[in-house]
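A quick note: this is a predicted structure, and the numbers were derived from the prediction, not measured. Atoms within each ligand, like the ligands themselves, are counted from 1 in listed order.
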Amino acid sequence: MDFSIDPESRRRLEEARAWGREAMRPAGIEADRMGAPLPVDHAYFKRFVERGGGRTRWAGPDGKAERGPRASVVTTLLLSEELAYWDRGITVADPGPGLPEASVLGLGTEEQKERFLGPFLDLDRPRWACFAMTEPGAGSDAAAIQTQARRDGDGWILNGAKCFIGGASRADWILVQATVDPTKGRGGQRSFFVEQGTPGLGDFKIEKKMGLKAYESTSFRLEDCRVPAENLLGGEPRHEQKAGFKRAMATFNAGRPVIAANAVGIGRAALDEALAFAREHELLGRDRIRDRLEAMTRKLRMARLLCLRAGQLADAERPNVVEASTSKAMAATVGMEAATLGMELIGLVGVRGDHLIEKLYRDVKAMDIVEGTGQIQRMIVARSLVQLPR
Ligand SMILES: Cc1cc2nc3c(=O)[nH]c(=O)nc-3n(C[C@H](O)[C@H](O)[C@H](O)COP(=O)(O)OP(=O)(O)OC[C@H]3O[C@@H](n4cnc5c(N)ncnc54)[C@H](O)[C@@H]3O)c2cc1C
């Protein structure tokens, strides 16, 4: 397996490292100490946008927008690890079309790309978009969502409640997953663009989180919220394209390895901090401590290799679902173990709550929850062992 990267990817990685050290980590610590997401007018976001961040991958209506070469999945994973090393909460807080962009690129009509991704071509200000699937009664079991979409003349009426949605109150638009027929499970679901300010969209409440405080995770309600027919992602049935996109999504998974890489990045940061603490407090002379640090280094390297393998298969457009789930299940566990080791080493210093390791300890847990919990990943792998549908 060759995981070497080209000089341009290496340059991007070095740039990410410098930006992470200089801007991301301080911003993440600031949010953590405030116990609240960075405000939309924070200088960090302005700088992020000024240096070219937050742009869409869409090439524009004439296909000519300057975007540079698209990074391979392997490069994306290395970048994701590096950015999470500096601050994973900030990577999610960063402006941009975020999670729903891939769905809009894969399924959106040309008119939808222009309307919803167009403002992200050249940012005049920090802008966000977000994807809303989770509901108070539907997390792992996405087929159970209850938000209803009802056809009404030339539009749709949405009713329901969503929770833990990243960036919902600051997003220009939210891609809302709703059901047109709850008896059909996933088959009855559709995605709708709901623009901020649409009557009936409201009751935003920022959730209290143990970690990753830099970005908002928000609950909201949709009450007789009317959107035009053109806001149905992909428009009226275009079954072939949708089936093709869904098939691709079921075969390659690039999302889980990204979260796995995030977990490796957080774990690596915790290990570096633990090592620095042990050095500073002259603990490295003890075999037991050295052994634990060595074991952790080994496990983090193993987790990184699993992520990269999943990414390499995705780059080669080969099925990677088992590798993606394995990397996510493994890396989240290893990341949590690294942060736990750090907490044990620093002892009471960690309990006081003002050491970076303590923040990483609170941040890393979410890597075991988002994009499918550890249990769900292990279930996917186990089912594939006995050739059951995933
Ligand atoms: C920080 C953070 C950010 C998030 N951001 C977003 C976002 O932007 N958009 C969005 O839509 N959602 C978001 N979520 C929600 C996330 O996707 C859900 O939390 C996740 O899907 C798990 O759902 P749940 O919390 O309802 O747990 P549940 O599904 O209720 O699960 C509870 C427990 O039961 C286990 N479990 C469930 N089913 C099974 C099973 N069949 N077999 C074995 N064990 C099972 C789970 O592993 C878990 O341990 C976010 C969550 C967090 C923590």
Side-chain angles (χ1 to χ4, degrees), residues 28 31-32 35-37 84 87-104 128-147 158 160-179 185-186 189-194 204-222 233 253 255-256 258-260 262-263 266 325 328-329 332-333 335-336 359-384 386 388-390:
D32 193 65
D87 200 280
R88 202 279 175 170
I90 291 289
T91 67
V92 184
D94 281 340
L99 264 187
E101 184 184 33
S103 301
V104 182
W128 290 264
C130 70
F131 175 63
M133 169 77 92
T134 304
E135 299 181 357
S140 302
D141 183 8
I145 65 168
Q146 297 296 314
T147 294
L158 304 180
K162 297 286 179 184
C163 63
F164 261 92
I165 309 305
S169 83
R170 62 186 64 190
D172 284 12
W173 49 267
I174 304 171
L175 192 64
V176 171
Q177 195 74 357
T179 178
R186 293 296 288 262
Q189 292 180 12
R190 305 285 182 270
S191 311
F192 297 87
F193 294 94
V194 181
F204 290 100
K205 288 198 181 74
I206 296 183
E207 316 261 8
K208 189 168 182 291
K209 287 205 298 269
M210 64 187 278
L212 304 176
K213 294 182 196 265
Y215 74 95
E216 53 157 285
S217 296
T218 302
S219 64
F220 64 88
R221 299 188 66 77
L222 297 143
L233 177 66
N253 189 291
R256 287 175 204 148
V258 166
I259 304 297
N262 289 167
I266 303 175
S325 287
K328 165 81 166 64
T333 309
M336 289 192 287
K359 173 180 178 295
L360 297 168
Y361 182 76
R362 287 183 283 108
D363 285 352
V364 72
K365 176 58 193 167
M367 301 306 99
D368 195 42
I369 302 175
V370 299
E371 281 273 341
T373 64
Q375 285 88 353
I376 298 295
Q377 306 305 335
R378 286 185 276 278
M379 230 169 62
I380 292 171
V381 177
R383 289 175 82 88
S384 86
V386 291
L388 279 170
R390 295 179 198 112

Heavy atom of the protein closest to [atom] (residue, atom name, distance):
| atom | result |
| --- | --- |
| atom 20 (C) of ligand 1 | Ile369 O, 3.9 Å |
| atom 3 (C) of ligand 1 | Tyr215 OH, 3.4 Å |
| atom 8 (O) of ligand 1 | Gly166 N, 3.0 Å |
| atom 13 (C) of ligand 1 | Phe164 O, 3.1 Å |

Identify, by atom number and element, the atoms of ligand 1 in contact range of [X], meaning under 4.0 Å from any of its heavy atoms.
| X | answer |
| --- | --- |
| Met133 | 11 (O) |
| Ile165 | 7 (C), 8 (O), 9 (N), 10 (C), 11 (O) |
| Thr134 | 10 (C), 11 (O), 12 (N), 13 (C), 14 (N), 15 (C), 16 (C), 17 (O) |

(request) Could you tell me whether atom 33 (C) of ligand 1 has at least one protein heavy atom nearer than 4.0 Å? (result) no
Please say whether [X] places an N or O atom under 3.5 Å from an N or O atom belonging to ligand 1.
| X | answer |
| --- | --- |
| Val370 | no |
| Ser140 | yes |
| Ser217 | no |

(request) Measure the CG-NZ distance between Leu212 and Lys359 for me, rounded to the nearest 0.5 Å. (result)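 It is 7.0 Å, given to the nearest 0.5 Å.
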(request) Working to the nearest 0.5 Å, report the span between CZ of Arg378 and CZ of Arg383. (result)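 Arg378 atom CZ to Arg383 atom CZ measures 15.5 Å (nearest 0.5 Å).
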(request) Begin from the C-alpha positions of Gln177 and Ser191 and carry the test side-chain hydrogen bond (donor to acceptor under 3.5 Å, both in side chains) through to its verdict. (result) CA-CA 5 Å; Gln177 195 74 357; Ser191 311; 2.6 Å; yes
(request) Report the member of Asp141, Thr373, Ile376 with the shortest heavy-atom distance to atom 46 (C) of ligand 1. (result) Thr373
(message) Below 4.0 Å, non-hydrogen atoms only: which portion of Met379 touches ligand 1? Side chain, backbone, both or neither.
(response)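 Only the side chain of Met379 comes within reach of ligand 1.
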(request) Using a strict 4.0 Å threshold on nitrogen-to-oxygen distance, state whether Glu371 and Lys328 make a salt bridge. (result)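 Salt bridge: no.
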